[in-house]
2 protein chains.
Amino acid sequence: MKNGPNIASLASLLGDPARANILAALLGGKALTAGECAAEAGISAPAASGHLAKLLNAGLLVVLVQGRHRYYNLAGPDVAAALETLMGLAVRVGLRRTRPGPREAAMRKARFCYDHLAGEVATQVFAQLVTNGHLVASPQGYRLSPLGRARFHAEKIDIEALESKSRTLCRACLDWSERQPHLAGSLGAAIAQVAIERGWCRREAGSRAVHFSGGGERALLAMAGPEPVGAPETGGAASNSSTHDPRRA
Amino acid sequence: MKNGPNIASLASLLGDPARANILAALLGGKALTAGECAAEAGISAPAASGHLAKLLNAGLLVVLVQGRHRYYNLAGPDVAAALETLMGLAVRVGLRRTRPGPREAAMRKARFCYDHLAGEVATQVFAQLVTNGHLVASPQGYRLSPLGRARFHAEKIDIEALESKSRTLCRACLDWSERQPHLAGSLGAAIAQVAIERGWCRREAGSRAVHFSGGGERALLAMAGPEPVGAPETGGAASNSSTHDPRRA
DNA sequence: ACAATGCTTCGTTCTTGGCCGAAACATTGC
DNA sequence: GCAATGTTTCGGCCAAGAACGAAGCATTGT
């Protein structure tokens with residue numbers, strides 16, 4: 001009688017605290033061994049193995065066997081997106097794992113979401129890309145404009161290589177902390193990779209949090225700006241972040 | 001040690017088959033009494049009462065007490081969006097409640113998603129709106145262009161009234177069956193309401209499925225088209241009367 | 001006021017599913 | 001080959017929670 005997707009069996013998989021912790025850890029984008037997953041979830045190795053098998057069997061994870069290690073990772077960006085969406089709803093209804101702490105402030109500022117950046121900085125980047133006409137709406141969602149293509153070309157990002165993959169180039173992902181979109185898709189992943197490679201930010205060990213240097217944040221926002229670096233900043237593009245509160249540890 | 005949203009307690013709420021069935025039924029957008037929820041989920045009234053209390057306590061539902069009836073409904077569009085996202089992932093990993101059946105074909109064609117339309121027709125409408133420049137990308141997501149504003153004005157849709165509400169006017173929601181965006185937000189809801197009022201489509205009893213007439217589908221797509229069609233108006237109650245609206249603002 | 005209806009609370013039973021320890025399996029290093 | 005490490009399988013224990021029936025409230029209608 002009932003039809004449609006089986007949401008219950010999927011949600012029950014995510015509903016166990018141990019599995020949810022594993023998935024949340026994997027949202028950082030790095031593959032983890034079974035033992036690391038066990039440590040993340042605070043359970044024994046056998047328990048973690050069982051959970052990982054279930055998630056793997058459900059198609060939410062993929063595994064890479066290397067020697068005696070098994071590296072588990074999320075099966076794809078759609079899994080990450082669904083997890084982020086659930087996080088957004090959890091925030092909205094007031095469910096937190098703990099009280100908002102110092103780590104949470106850093107997470108809101110910038111974090112990894114599977115393989116791209118999320119948080120305040122990432123939503124600002126997205127807004128800049130749209131404002132400057134690099135991203136435009138298309139019937140299938142967002143699309144990279146010729147202007148944006150040239151802009152990223154100037155930044156030595158090989159758009160053609162990204163397009164050759166089956167994965168979507170641009171996709172808007174609703175940020176759970178900012179409730180505004182940030183950029184996902186292969187381009188979002190490439191931008192995150194570039195930000196790390198060029199030292200604009202660094203990942204906090206064992207966390208999804210990302211710490212930007214002052215210059216790094218400016219550099220990233222400048223990459224989303226209208227012109228390649230060196231353009232005079234007349235204040236028009238600087239946007240509103242200057243009005244933020246100084247109460248930040 | 002852990003921080004961030006508590007995804008596990010939220011997902012465990014959705015992970016029970018009875019609760020998932022209730023929520024899936026409520027995705028149709030109509031408020032249901034406790035007894036109707038019990039029938040939908042195939043459980044006894046006491047069991048349903050307990051589940052509804054949990055969902056209510058978690059902030060996923062709202063209740064409207066009218067006499068001896070209690071009308072339950074989703075707490076808001078974000079809940080519906082999260083459910084749809086989970087459905088999309090469930091489809092992607094191959095979890096279905098049953099084999100794809102005749103009902104499923106109708107659901108893919110058109111269905112209600114809380115208070116707006118989803119499915120093949122809805123994604124086509126969204127594509128048309130973007131193609132014709134009625135919807136454009138903005139830093140905060142999608143925005144109604146002046147052109148689109150005039151277009152809906154010609155269709156007797158009071159955009160200003162929608163904007164006066166706190167709810168977002170336009171929002172792209174990823175369709176789980178089409179994997180392309182459709183229009184959510186208060187404008188999406190208004191369009192769905194208009195489509196019903198003008199007889200372009202009718203809801204299947206006790207289901208989210210929506211059946212379009214041939215002319216109705218053309219009329220809806222024409223509304224998203226570039227120019228007001230010269231067809232005679234359907235006359236009568238053009239202004240949307242908010243007579244009985246079980247949903248809150 | 002009485003009966004009927006809709007819903008919730010309570011108490012009980014019972015199944016599902018998670019956890020751990022022990023042991024088996026697989027791989028690497030000496 | 002043998003020991004050490006990482007991972008999975010097995011078996012048993014245990015607790016969380018889901019279901020139902022009976023009873024209690026609340027509201028409606030006659």
Side-chain angles (χ1 to χ4, degrees), chain A residues 1-2 6-26 30-73 95 97 206, chain B residues 1-2 6-26 30-58 60-73 95 97 206 246:
Chain A
M1 178 162 131
K2 298 299 170 197
N6 188 344
I7 187 179
S9 59
L10 175 59
S12 70
L13 274 173
L14 313 179
D16 180 78
R19 284 193 292 265
N21 282 336
I22 290 174
L23 289 168
L26 289 175
K30 280 193 304 190
L32 299 178
T33 67
E36 289 170 334
C37 290
E40 274 295 331
I43 55 179
S44 67
S49 179
H51 288 306
L52 289 168
K54 284 176 184 169
L55 293 171
L56 190 65
N57 188 45
L60 297 178
L61 298 183
V62 289
V63 65
L64 180 69
V65 180
Q66 266 185 5
R68 57 185 166 188
H69 293 280
R70 298 199 164 196
Y71 288 94
Y72 287 91
N73 207 344
L95 293 170
R97 281 200 277 192
Chain B
M1 179 162 108
K2 298 300 169 195
N6 188 344
I7 186 179
S9 58
L10 174 59
S12 71
L13 275 173
L14 314 180
D16 180 78
R19 284 193 293 265
N21 282 336
I22 290 173
L23 290 168
L26 289 174
K30 279 194 305 191
L32 298 178
T33 66
E36 290 170 334
C37 289
E40 274 295 331
I43 55 179
S44 67
S49 180
H51 288 306
L52 289 169
K54 283 177 185 169
L55 293 171
L56 190 65
N57 188 44
L60 297 179
L61 298 184
V62 290
V63 65
L64 180 68
V65 180
Q66 266 185 4
R68 57 185 165 185
H69 293 279
R70 298 199 164 196
Y71 289 95
Y72 288 90
N73 206 343
L95 294 170
R97 281 200 277 191

- Message: In this structure, how many angstroms lie between the C1' atom of D/dG17 and the CG atom of A/Asp16, rounded?
- Response: 14 Å
- Task: Taking only the side-chain nitrogens and oxygens of B/Arg68, find out if one of them lies under 4.0 Å from OP1 or OP2 of C/dA4.
- Result: no
- Message: For a 4.5 angstrom cut-off between non-hydrogen side-chain atoms, does A/Leu32 reach A/Ile22?
- Response: no
- Report the distance from atom CG of B/Leu26 to atom OH of B/Tyr72, rounding to the nearest 0.5 Å. 10.5 Å
- Item | Integer-rounded Å distance: C/dC7 C1' and B/Leu55 CG | 16 Å
- Message: Does B/Ala45 reach a base, just sugar-phosphate, or nothing at all? Heavy atoms under 4.0 Å.
- Response: base
- Item | Out of D/dT8, C/dC19, C/dG18, whichever nucleotide has its closest atom nearest the side chain of A/Ala34 | D/dT8
- Item | B/Leu64 CG - C/dC7 P separation (whole Å) | 13 Å
- Query: What is the distance from NE2 of A/His69 to P of D/dT5, rounded to the nearest Å?
  - Reply: 12 Å
- Message: How many whole angstroms separate atom CG of A/Leu52 from atom P of C/dG18?
- Response: 13 Å
- Message: Rounding to an integer number of Å, can you tell me how far A/Asn57 CG sits from D/dT8 C1'?
- Response: 15 Å
- Query: Heavy atoms, side chains only, cut-off 4.5 Å: are B/Ile43 and B/His51 in contact?
  - Reply: yes
- Message: For a quick test of reading the model: is some side-chain N or O of A/Lys54 closer than 4.0 Å to OP1 or OP2 of C/dG17?
- Response: no
- Quickly work out the B/Ile43 CD1 to C/dT8 C1' distance and round it to whole Å. 14 Å
- Find out whether B/Leu64 and B/Asn73 are in side-chain contact, i.e. whether some heavy atom of one side chain is under 4.5 Å from a heavy atom of the other. no
- With a 4.0 Å cut-off on heavy atoms, is A/Tyr71 in touch with a base, just the backbone sugar-phosphate, or nothing at all? nothing
- Task: Scan B/Ala18 against the nucleic acid and name what it touches under 4.0 Å (heavy atoms): base, sugar-phosphate only, or nothing.
- Result: sugar-phosphate
- Any side-chain N or O of A/His51 less than 4.0 Å from the OP1 or OP2 oxygen of C/dG17? no
- Which residue lies toward the 5' end of DNA chain C, A/Gly67 or A/Ser44, if each is placed at its nearest nucleotide? A/Ser44
- Would a distance-only check, ignoring hydrogens and angles, find a side-chain to backbone donor-acceptor pair under 3.5 Å from A/Arg19 to A/Leu13? yes
- Task: Grab the CZ-C1' distance between A/Arg70 and D/dT8 for me, whole Å please.
- Result: 8 Å
